[in-house]
Amino acid sequence: MKKIKTVDSIGHVLCHDITQIIRGEFKGRIFEKGHIVKKEDIKLLLSLGKDNLYV
């Protein structure tokens, strides 16, 4: 397991779940442990404040 910048994480496997919380609307997992990060995931991860990930 290592910590890397989100923008450099394409093709790596997540070591943890990532939860999104939208107050009063949604709370749940949007990425599960073992998910392989894709280019289209980066924008959403950064919008959640995930500047770094453990892979």
Side-chain angles (χ1 to χ4, degrees):
M1 176 168 64
K2 62 182 176 177
K3 181 179 173 181
I4 63 172
K5 291 185 178 192
T6 299
V7 294
D8 298 329
S9 66
I10 297 169
H12 288 84
V13 179
L14 290 177
C15 291
H16 54 85
D17 293 339
I18 297 180
T19 302
Q20 181 180 35
I21 301 171
I22 301 172
R23 193 175 195 149
E25 292 180 34
F26 176 80
K27 179 180 179 181
R29 244 182 326 189
I30 57 168
F31 296 107
E32 294 185 6
K33 178 181 177 179
H35 175 79
I36 299 173
V37 180
K38 300 174 193 157
K39 184 178 180 180
E40 55 268 19
D41 299 335
I42 301 298
K43 186 175 180 179
L44 178 56
L45 288 164
L46 292 173
S47 75
L48 295 171
K50 300 294 183 184
D51 296 325
N52 297 291
L53 298 172
Y54 287 96
V55 295

In this structure, OG1 of Thr19 is separated from CD1 of Ile30 (nearest 0.5 Å) by 8.0 Å
Asp17 versus Glu32: any side-chain heavy-atom pair under 4.5 Å?
-> yes
Check ring-ring contact (aromatic ring centres under 6.0 Å, His included) between His35 and all other residues, then give those that pass, not counting sequence neighbours.
-> Phe31
Enter the distance from Asp41:CG to Leu46:CG here, rounded to the nearest 0.5 Å.
-> 10.5 Å
Quick one: CG on Leu45 to CD1 on Ile18, what's the gap to the nearest 0.5 Å?
-> 5.0 Å
More than 12 non-hydrogen atoms from neighbouring residues, nucleotides or ligands closer than 6.0 Å to CD1 on Ile36, yes or no?
-> no
Is Leu53 linked to Met1 within one hydrophobic cluster, defined over Ile, Leu, Val, Met, Phe, Trp and Tyr using a side-chain heavy-atom separation of less than 4.5 Å?
-> no
Which residue pairs pass the side-chain hydrogen bond (donor to acceptor under 3.5 Å, both in side chains) test when at least one of the two sits in residues 1-13, sequence neighbours left out?
-> none
NZ on Lys50 to CD on Gln20, rounded to 0.5 Å | 11.5 Å
Sequence neighbours left out, what passes side chain to side chain contact (heavy atoms under 4.5 Å, CB included) with Lys43? Give chain and number order.
-> none
Considering all heavy atoms, the nearest Lys27-Ile21 contact = CG-CG1, 3.8 Å
Do you reckon Val7 sits in the same ILVMFWY cluster as Val37, going by side-chain contacts under 4.5 Å, direct or chained?
-> yes
In this structure, CD1 of Ile10 is separated from CD1 of Ile42 (nearest 0.5 Å) by 4.5 Å
